Structure formats: structure tokens, C-alpha cells
2 protein chains.
Amino acid sequence: MANVTIRDVAREAAVSVASASRALNGHKSVHSETRARILEVAERLAYVPHAGARSLSLSRAHIIGVVLPALHGEFFSEIVRGMDGEAVSRGYQLLLANMHMGSEETTKALRMMRGRVDGMVVMAPHGDPQELAGHLQSNVPAVMLNCSDPRERFPALLIENETGARAMTRHLIATGCRRIVHVSGPRGNIDADERTAGFLAAMAEAGLSDQASVIEGDFLEEGGVKAAHRLMAGDLPDAVFAANDMMAIGCMLALREGGISVPGELSLAGFDDIPAARYLNPALTTLRVNIADLGARAIQLVTRAIDGDDGSGPLSTRFSPDLMIRATTRPL
Amino acid sequence: MANVTIRDVAREAAVSVASASRALNGHKSVHSETRARILEVAERLAYVPHAGARSLSLSRAHIIGVVLPALHGEFFSEIVRGMDGEAVSRGYQLLLANMHMGSEETTKALRMMRGRVDGMVVMAPHGDPQELAGHLQSNVPAVMLNCSDPRERFPALLIENETGARAMTRHLIATGCRRIVHVSGPRGNIDADERTAGFLAAMAEAGLSDQASVIEGDFLEEGGVKAAHRLMAGDLPDAVFAANDMMAIGCMLALREGGISVPGELSLAGFDDIPAARYLNPALTTLRVNIADLGARAIQLVTRAIDGDDGSGPLSTRFSPDLMIRATTRPL
DNA sequence: CTGTTAGCGCCTTCAT
DNA sequence: ATGAAGGCGCTAACAG
């Protein structure tokens, strides 16, 4: 049987569609008897409003578009979990668009969202933020995650990458490490670059610039594995500071396989504090970023903007990661 | 500035909206000069079609609704990753609806999807499938994940839970374990129940029913931790078979803290083979379910159904998990 | 309180 | 090849 529309309900209840609409939406001005009849009919016909049509006429979709880069594992699930929770509690659903490919697919995804979402949260740590922002409709609120809109049209939520990386590097130095290698994220990724900068700065501060080196990674487990292999081929540094936990995990696995003891022969640190960081044995020293919270805050910001609470808040908020000293680095 | 619509484009190009529409959608019957002019104008005005209106008139949204239970960590990210990849490659986007709460929120989410999605994939391992299916519009294709529609209106993708659990239990027995405790998922969850059944069946088969016991868990890390504590309070069994990896991980962490050696004093096994299973030290023996693939297949099925390829395939497909023997169980 | 009318933005016959 | 008109399903004035 075809879809039952509000007209079917109206006809069956012998009223106009307007009345049906009013009754269905709980408007006051409708006689209680009429309303009851309408609701009864709707129930009997199993009527479900057509959300698409509804949002067209209301120009309100109750959907938030989420554009994410090809995210890996727990970072992805955590951030989506945070967003979803907040969104649902505010009556919104999430329209997802992972962008693995280049800007080609991304613009396409962005276009598909026009007229379908009330707001968006965009996370694009690499690539040209300039270009991305250009494809954003300027009339739908958006918030940027880990990348700032150069023209500052949209608020941004940033992680204090550099500060965090500095803190970790200092910790490493304080526990006696001198020769430290940083396994970075892919160059061009803003998080990656900031973390590298923090590392380099802290090393310089300590007069250890000549002891610092950087291996470019990919934010994936594999990148960590590769870096570890390269390290084991030469002589081991005092510590490895990976730009994220996934790579730290990869390092750890490779190191374990290679019979290197951590932190006995080598200290190891990560960044993010994904749940798996605690599963490692020994548990990974890392920087805790409350990922789910970050997602929730992003949703909070957009919904607020959608509801008109515009402009008041600060344009960009920075989240400070916390140093989580666990067992892969030596005690002080 | 307000949103630019197709009418703006038409007016600016001095044609009717019909022509504009045709040109924009690449229809043949439009003079190449007119088309060029229209496209030029659209470009200049930065016109982006209103997807909502478009799908209303085409009754085709190119969106697939995804309803998931409160999923944890990597299981969630893996399945969404699998779905998204397949969806994007077929020109669809994903509308997410995690249902944490009871059927209250779920029905609401389901209703919000009516007239907005072309198809849905629903995963509802616990709760009454009967009821859920009742809330599905019978005119939009759907596929069930890990739960079958009792009335068989929709195809289902199932994991061979019982077979898998049996295989693992047999492995445990073969490596010399006798007293085995199974930490189950929450009762009522179909995956949980089937896994428990498989465990019990294998124990009975081996004449070890009196050595079998079950502790009810929650599929979360915490459930594993609690179970381990309970175990350590009494005398240790030969093995613990957790109904999923998250709980196995919880067990492992608690056991490690309690100074119990695995698999020395106790064998440990999980189910799912989430990436973190390999991070443990020793690495977790488990049953590998290709989660991402499961998601991809689900999308494949719905899109196929949407495109009319209806009815041909088998009504339910079962995925067999593979036994991954790693280091938390003793070698044969 | 209720019905009529006019869109929301787009696509598609049906004429021309 | 192009334009006019109707409709997708629903809601919001505007009259009665």
C-alpha cells in the first residue's frame, strides 16, 4: 500500500488538511473532539509525517551535517559518540560525510548537504581550509573542528596541540631522555604540524635541538610500525614521542616483537589518549584529549547558532590536553 | 544574502526554470548555447541545488538511514566505516540514529527518518524485533543487522554466534581447560544469548556441563573487570571466555592488576576481534568478525533493493567468524 | 475553531 | 528547444 499522507488522514477524519496538521502538531486552536478524531485516524492509518516535506515547508531539517576526514578507530567512534549524544538530546540527527578522497568528493558531499541540514560541523585537519570554507554555504551555521576558518566566519574548536606536545617533551626530558625522536603525523595536517612544532620548541628550549629528530608518519598504526623498524635498524634513541596513540601503539607492537623493552631501553609516548592506550602493557603515557566532549561541544555550538544565539561566544575555543603519565615512560 | 534558487538562475539567464532545471541536470534537449549560459550563471551565482526540495520532487533522497544500538568503541567505528565506504561509492550518505534509550527514542528516530531516507539498515540485537519491525515503513527497503525480522519482510545479516562460540569453547577444552566460565553479554541481546548457547552446547557435548558457569556481563570493559574480580575472589577457573573483546580486555586488565598470569594460570578468550585485541600483551585469542565488511554488505543490500533488484537474493546471510588463536590461550 | 490559499524549491509532463 | 502548469507533502497566514 502506498504511503499515507496527511491528506489521507484529513479525508478519513472529514476535516481539512490544515486542521489535521494543526491537530498533529499539537496546536491549541482545534476542538478537542476533532483533535481526538484526527489523532485516532492517524493512529489507525499508521500515519507518519514526511520529514522531508516538513522541513521543506518549515525550512528546518533538524539535521546537522558532519564532515569528517578519514578517521581511524577510536578517535572516530569517540567523536561521533559525543556528537550523537548531544545532537539527540537537542532533537537533531546526524548526516555523515566521511571524506576519504580529495576535495573532489568533499565538495560533492558538501553540496549534497545544502538544503538538508540546519548546520554543520566540519573537521578538516589537512588540506586547504581556505578552499573548504569557500564551499560552505555562508547562510548555514558551521563550526570547524581542529581547523580554523581563515576568514573567521565560523567559530572553531581547537586542540592545544603545541602546548601539549611541549609538555610531553619536557616530561621526557625530565625523566632523563636526551635523544628523542618524534614520529609525526602527515605533513600538512594541522594537528600533526602543531605537535611537531611543540616538540621542536621544547627541545630547543632545553638546548637539545641537536638531539631531536623527526620521522614523518601517517597517524596510523602502520606508520608507527615502520618508524620502529627504522629505529631498530640504527641505534636506539632514548625516547620516541609519537604524534598520536595509534602510531605509538604500532611502535610498541613492533618494539615488543623486536625484543626491545619499554620503558627499559626506550621511553614511549603518544597523543590523544584513546581507550586502547590503557590496554597496552605497559600502559601508554599520553596526552588526554576528551574527544567525545569535543564532539559534544561542537554540536552545542552549532545548535546554539541555529537557534539564533549567534555571535556572543568567543570565536575559537582551545582544549588543553592533560598529561597522562603511565608506564611507558620512566618515573621522575 | 539569501539562498540562491533555481529561479534566480533562470531569471538571470533569461530562461524558464524548466530550462534551467534541464540544463543543470544535463538533459539533452537544450540548446548548447542556452545551456552554456545557464551553467555560467549558476557558477557565477554559486548556485547549489536544494537537496531537500530535490528529493521531495524526485522522491529519492540518496540517503540511507542507519539505526544502531549504543555501540562501543571499535565495533561502532568499524561498522560505520564499512557502511560509509560502500554508501559513498554508490552515491549515498548516511543518516545516523544511535538509540541509547528504550524504544521511546527509537521510534522517534525512526519516525524522523520517514520521507528522508531511501532505505535503512537497522541493528537491534536486543529488545523486541517484533516491535521494531512494526515501526518500519513497509515501503522503504530495510536490512536487519544481527537481528531478524520475525515476519521476514526484510533480509537479515547475521553472525554465526553459536557456531563461533562452540568453536572457541572446543579450542579451550582442547588446550586442556575444564572449568570454564563464560562472561556473557546482557541477557536479551540476541548476540549474547546465541554465544552463551554455543558455549553451553559445546560444554555439554564434551560432557563438561558441570564445569561450565556463566556470569552475566554487559559487553563493556567494566563488565569484564567486575567478572574478573568475582573470579579472583574465589578459586580461579581454567579459562574465561568473554562474549566480546571489550569484556575480555576488561578481564585482562583486572587480572593483570591482580597479578594473575595469562595464559599461565588462566586462559582468556574474546569475540569480535576488534583491533585492540592485538594490542594486548599477550595478544587476545578471539573470533574474528569482519565488522566493516558486514556494514558494507548491509549497504550493498539496501541500495540494491532501492534500485529495484528486489527479492532475488537469499533472505538471510550468515557470517562465520574465524578462530584467531593468539597468545591468551595455551597452544595445543 | 476550521477551511481556503499560497508557497517551500525543484522536476516533469504537456503543449507549443 | 523552450515555457507554462501541476505536484511532491506539509505548514502558515488569512479569512470566515
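Letters A, B, ... mirror the listed sequences (proteins, then strands); counts begin at 1. Since this is a predicted model, take the numbers as computed values, not measurements.
- Using a cutoff of 4.0 Å between basic side-chain nitrogens and carboxylate oxygens, A:R37 and A:E33 are not scored as salt-bridged.
- Using modelled atom types and a 3.5 Å distance limit, the side chains of B:R297 and B:N290 yield no donor-acceptor pair.
- Nucleic acid contact class of B:S59 (heavy atoms, under 4.0 Å, all strands): none.
- Note: B:R116 CZ to B:R111 CZ = 13.0 Å, rounded to the nearest 0.5 Å.
- Both B:V15 and B:R114 lie near DNA chain D, and the one whose nearest nucleotide falls closer to the 5' end is B:V15.
- With salt bridges taken as basic N to acidic carboxylate O contacts below 4.0 Å, none links B:D84 and B:R81.
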Checklist entry - Does the pair A:V80 and B:F76 meet the rule for a side-chain contact (heavy atoms from CB on, under 4.5 Å), with working shown? => result CA-CA 10 Å; A:V80 172; B:F76 173 80; 3.6 Å; yes
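- In this model, no donor atom of one side chain and acceptor atom of the other lie less than 3.5 Å apart for A:R60 and A:S55.
- Taking the nucleotide of DNA chain D with the nearest heavy atom to each of B:R35 and B:A53, the more 5' of the two is matched to B:R35.
- Side chains of B:R114 and B:N139: a donor-acceptor N/O pair is absent below 3.5 angstrom, by distance only.
- Contact annotation: A:S55 side-chain N/O to C:dC8 OP1/OP2 distance is not under 4.0 Å.
- When heavy atoms are screened at a 4.0 angstrom cut-off, A:S29 is found touching base atoms of the nucleic acid.
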Item to check | Summary of protein contacts for nucleotides 11-16 of chain C, nucleotide by nucleotide, where a base hit scores B, a sugar-phosphate-only hit scores S (4.0 Å, heavy atoms) | outcome: SB----
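- Between chain A and DNA chain D, the heavy-atom contact criterion of under 4.0 Å yields a 5' to 3' nucleotide range of D:dG9 to D:dA13.
- The backbone N or O of A:P125 sits nowhere less than 3.5 Å from a side-chain atom of A:N146 that would complete a donor-acceptor pair.
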